[in-house]
Amino acid sequence: MTAQTVPPEPRRAREPDHEGIVTRDGVTIAYAVHGTGEPTVLLLPTWALVPSRFWKAQVPYLSRHFRVVTFDGRGSGSSSRPEGAAAYTDEQYAADAAAVLDATATDRAIVVGFSCGVAWSVHLATQHPERVEGLVALAPSCGLSVTASARDHVPWDRLLDTTRGWAKYNKHYWLGGGYDDFVDFFARKMFTEPHSTKQIEDITRWAHETTPQTLADTTAGRLGCDGATCTALEPLCLELRCPVLVVHGAEDAVRSSAIGERFAELTHGSLVVVEGGGHGLPTREPVLVNSLLREFVETVHRTPRPRAWHHALRRPKRALYLSSPIGLGHAVRDLAIARELRLLHPDLQIEWLAQHPVTRVLEAAHERIHPASAWLYSESRHFEDESADHDLHAFEAVRRMDEVLVANFMAFRDVVRDEHYDLVIGDEAWDVDYFLHENPELKQFSYAWMTDFVGWLPMPDGGGREAALTTDYNAEMVEQRRRFPRLRDRSIFIGSPDDIVPDSLGDGLPRIRDWTEANFDFAGYVSGFDPTPLNDRDRLRDGLGYRPDEQLVVVAVGGSGVGGPLLRRVLAAAPLARRLVDGLRFVVVAGPRIDHRSLPRRRGVSLRGYVPNLYQHLAACDFAVVQGGLTTCMELTAGQRPFAYVPLQHHFEQNFHVRHRLERYRAGQHLTWEDACDADLLAEVVAKGVGRAVDYRPVESDGAARAAAMLAELL
């Protein structure tokens, strides 16, 4: 991947509470403060290849419990890039750290260093012992007397044959046009664990925020070359008097775990060796690293953690329900399942760990939302950031949501660690399912997973790269389920086997239907409502305030905020459609995350925001135009109403999984975004569709009860 193909950085999960600049000897250092209170955790920079965003998996979680300070090291991010090796010695970085502590009014801190940053933490702790309460060394890459690695045998500043291996770790190669190749090589060395494509992509993006010359200067300063002096580290390690924790991957291909072992020996520190772990532990093993950091900080700072314990037989029967916030369909069906589950277990207490817009639906239903829901970072906002002009690359959006997923899993982890639950239900709670499989020892409850699609699929224009990435993600899922089949006590597919696309999970992997049938139970579709009252349309329309003689078009784009462009296209076509059908009335439903007041007004069009029980309005309409989301389309199918659906461009689920299911039900008219952009064509589709007779396959009405029965067995 070259600089030209690296995608932009997503928005942070947690923005800083304060940002500033400190200037020392003419060099500006950009810092950020997250959270408040005591103690303070200082996350040091590492090699200039990456900025402080490297800590994105740690900052949201740690700042919920402590005050966290980060800064871009000189040569990276928003900090200055002075020239020459002498500007990048260990002493300079340590002095920068002390200046940041001063600028943020931090008297004492627990200091965390990664890779090269470990050496700077030692310098800081020995120069200012009164300011360092404790020190964490993650994958230390510093000069200690151990058996040399392959990298150490390569003189980095001498012109070499750089056709392969660590010979690419060479300033002449970087400055001579080989920088992109070196970055790719080094990123893969950082992550020896399989299925690390996103972490490699991040390193590649960050590496192109600096220059080959700056990286050469920072390396020379650290190694004592090009006029810089290098202080021996071992004597300084012996001077340390603060508590030390060392964490190192056993399969670290950048610096051997022998370095970490030696560092722990010199500092009398505690040592955690991560078997199977590579160099980039903070981003590849974020749950482990976050947990170790919190435990260390609380131990060093003597921070008591309040705990409660209930006698086992006196504990109430409790379930924690996780409902995906990507659209409102999950909330509707999950409420229906919860109602059925309570019929089978009247004594069951259900709590919801959820975020907007799901909480809007739950509050209206008077459900108990767990207070920790306030800790969750918005997945809907992330998807809205990733969308543009009815285009949302759903697979890439999920990949680029990794920072949010880690933070939200850690919130879940805190809840289930401190409270007792008999059952956890995850309706497409991707963070919980993934990180439980990555950390299976954390499971302390019965666990059920629900989804209405299986398998990441590449879009045709994604080429070989996207096909390889989706295959890798599917392969990881297959391997996780094969290795830990008992982690999920129930896997429930919301639908039937025939709803599954006929595709493969990728080269060398099973077909999606075969694998799903072998690994899931099938509940049938869950509509979330009783369809019987909808059969009397005249009474239904009267109750909703619609005249019996008017022809009604409902336009809806679900619960996320990505549907604005489609709403505007329909509004542009509405006057044309009204000329073709006299007296035609449009009701445009923007949903909870789009301000309906921002939409243009048209004669004969009613604009509405969030509409509870939208399915009733859909059942009452004469035609509907909707996005390609499963829930809204299936509500129209269940109500036997004519409709057109416009899947988001590059949204693999809507374009493949949902469309396949609708075609099985013989439901709806598929329109492309190009079709929707043609106002005359769209108006004609509406005019011809109003009141059209349909003959859809009947939709199951007992899915919620069937799903609840499967869950009830786990209680």
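The model shown is predicted, which means the values in this text are computed figures rather than measured ones.
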Determine yes or no for a side-chain-to-main-chain donor-acceptor pair under 3.5 angstrom, with S63 supplying the side chain and P60 the backbone.
yes
Applying side-chain contact (heavy atoms from CB on, under 4.5 Å), run through F383 and L392 and close with a yes or a no.
CA-CA 8 Å; F383 270 70; L392 172 62; 3.5 Å; yes
Would you mind telling me which of T470, L405, L469 makes a side chain to side chain contact (heavy atoms under 4.5 Å, CB included) with R399?
L469
Run the side-chain hydrogen bond (donor to acceptor under 3.5 Å, both in side chains) check on T23 and T28 step by step: do they pass?
CA-CA 4 Å; T23 302; T28 59; 5.6 Å; no
Checking E384 side chain against G561 main chain: does a donor-acceptor pair fall under 3.5 Å?
yes
Give the intermediate values and the outcome of side-chain contact (heavy atoms from CB on, under 4.5 Å) for residues E38 and H301.
CA-CA 9 Å; E38 290 291 339; H301 200 70; 4.1 Å; yes
Do you know which two heavy atoms are closest between T283 and F54, and how far apart they sit?
CG2-O, 3.6 Å
Between R131 (side chain only) and T106 (backbone N and O only), is there a donor and an acceptor less than 3.5 Å apart?
yes
Keeping the roles fixed (side chain from R108, backbone from E130), state whether a donor-acceptor pair exists under 3.5 Å.
yes
E201/R465 under salt bridge (charged side-chain N to carboxylate O under 4.0 Å, His left out): CA gap, chis, key distance, verdict:
CA-CA 12 Å; E201 181 180 289; R465 174 185 177 274; 2.9 Å; yes
Would a 4.5 Å heavy-atom cut-off, applied to side chains only, mark F296 and V247 as touching?
no
Determine whether T197 and Y473 satisfy the following criterion, side-chain contact (heavy atoms from CB on, under 4.5 Å), listing intermediate values before the conclusion.
CA-CA 9 Å; T197 58; Y473 271 59; 3.7 Å; yes
Decide side-chain hydrogen bond (donor to acceptor under 3.5 Å, both in side chains) for Y31 and D72; before the verdict, give the C-alpha distance in whole Å, the side-chain angles of both, and the deciding distance to 0.1 Å.
CA-CA 6 Å; Y31 65 83; D72 291 332; over 6 Å; no
Between W55 and V112, is the side-chain contact (heavy atoms from CB on, under 4.5 Å) condition met? List the steps.
CA-CA 11 Å; W55 297 108; V112 182; 3.9 Å; yes
If you measure from the Lys or Arg side-chain nitrogens to the Asp or Glu carboxylate oxygens, is any gap between R53 and E9 under 4.0 Å?
yes
Quick one: are R74 and T218 in side-chain contact, heavy atoms under 4.5 Å?
no
Q58 side chain to P282 backbone, donor-acceptor under 3.5 Å:
yes
Heavy atoms only: give me the nearest V122-C237 pair and the separation to one decimal.
CG1-N, 4.1 Å
Distance check, rounded to the nearest 0.5 Å: F435 atom CZ versus E285 atom CD?
9.5 Å
Under a 4.0 Å threshold between the charged nitrogen and the carboxylate oxygen, would D202 count as salt-bridged to K56?
yes
Taking all atoms of both residues into account, what is the closest heavy-atom pair of V297 and P39, and its distance?
CG1-CG, 3.5 Å
What's the separation between atom CD in E193 and atom CD in Q199, rounded to the nearest 0.5 Å?
8.0 Å
If you measure from OG1 on T70 to CG on L44, what distance do you get to the nearest 0.5 Å?
10.5 Å
Side chain S380, main chain P325, donor-acceptor under 3.5 Å
yes
side-chain hydrogen bond (donor to acceptor under 3.5 Å, both in side chains) between S76 and E209: does it pass, once the steps are laid out?
CA-CA 7 Å; S76 71; E209 294 178 4; over 6 Å; no
With a 4.5 Å cut-off on side-chain heavy atoms, are R11 and H382 touching?
no
Does CD in E83 sit with more than 12 non-hydrogen atoms of other residues, nucleotides or ligands closer than 6.0 Å?
no
On a heavy-atom basis, which atom in A97 and which in L124 lie closest, and how many Å separate them?
CB-CD2, 4.0 Å
Show, in sequence, the C-alpha distance, side-chain angles and deciding distance for E479 and H437, and conclude whether the side-chain hydrogen bond (donor to acceptor under 3.5 Å, both in side chains) test is met.
CA-CA 10 Å; E479 291 168 17; H437 279 91; over 6 Å; no
Given the rule in the salt bridge (charged side-chain N to carboxylate O under 4.0 Å, His left out) test, do D217 and R81 qualify, once you have shown the distances and angles that lead to the verdict?
CA-CA 10 Å; D217 286 344; R81 288 156 172 73; over 6 Å; no
Are side-chain heavy atoms of Q92 and T89 found at a separation under 4.5 Å?
yes
Within the 4.5 Å heavy-atom criterion, are S115 and H279 side-chain neighbours or not?
yes
Look at E403 together with R12 and state whether they make a salt bridge at an N to O cut-off of under 4.0 Å.
no
Any carboxylate oxygen within less than 4.0 angstrom of a Lys/Arg side-chain nitrogen, looking at R222 and D90?
no
For the OH atom of Y169 and the CH2 atom of W174, what is their distance to the nearest 0.5 Å?
5.5 Å
Report yes if the side chains of T231 and E91 come closer than 4.5 Å at any heavy-atom pair, otherwise no.
yes
Which atom of F71 lies closest to which atom of S52, heavy atoms considered
O-CB, 3.6 Å
For the pair Y88 and Y93, name the ring-plane relationship: parallel under 30°, tilted 30 to 60°, perpendicular over 60°.
tilted
May I ask you to decide if the ring planes of F652 and F395 are parallel, tilted or perpendicular, using 30° and 60° as cut-offs?
perpendicular
Under the 3.5 angstrom rule, does the side chain of N408 hit a backbone N or O of Y377 as a donor-acceptor pair?
yes
Work out which heavy atom in S257 is nearest to a heavy atom in H248; give both atom names and the distance.
CA-CD2, 3.5 Å
Would a 4.5 Å heavy-atom cut-off, applied to side chains only, mark W375 and M410 as touching?
no
Is there a donor-acceptor pair under 3.5 Å between the side chain of T471 and the backbone N or O of A467?
yes
Centroid-to-centroid, W456 to W430, below 6.0 Å?
yes
Once the angle between the rings of H65 and Y61 is folded into 0 to 90°, is it parallel (under 30°), tilted (30 to 60°) or perpendicular (over 60°)?
perpendicular
Side chain S79, main chain A30, donor-acceptor under 3.5 Å:
yes
Answer yes or no: does atom CG of D461 have more than 12 heavy-atom neighbours from other residues, nucleotides or ligands under 6.0 Å?
yes
Value for CZ (F114) from CH2 (W47), rounded to nearest 0.5 Å, stands at 11.5 Å
Hydrogens and angles aside, do D180 and H208 bring a side-chain donor and acceptor to less than 3.5 Å of each other?
yes
Would you say the side chains of H34 and D17 form a donor-acceptor pair under 3.5 Å?
no
With no hydrogens and no angle check, is any side-chain donor or acceptor of N290 less than 3.5 Å from a backbone partner on A57?
yes
With side chains defined as the heavy atoms from C-beta onward, is the minimum distance between T211 and L215 less than 4.5 Å?
no
Can you tell me how far CZ of R158 sits from NE2 of H172, rounded to the nearest 0.5 angstrom?
9.5 Å
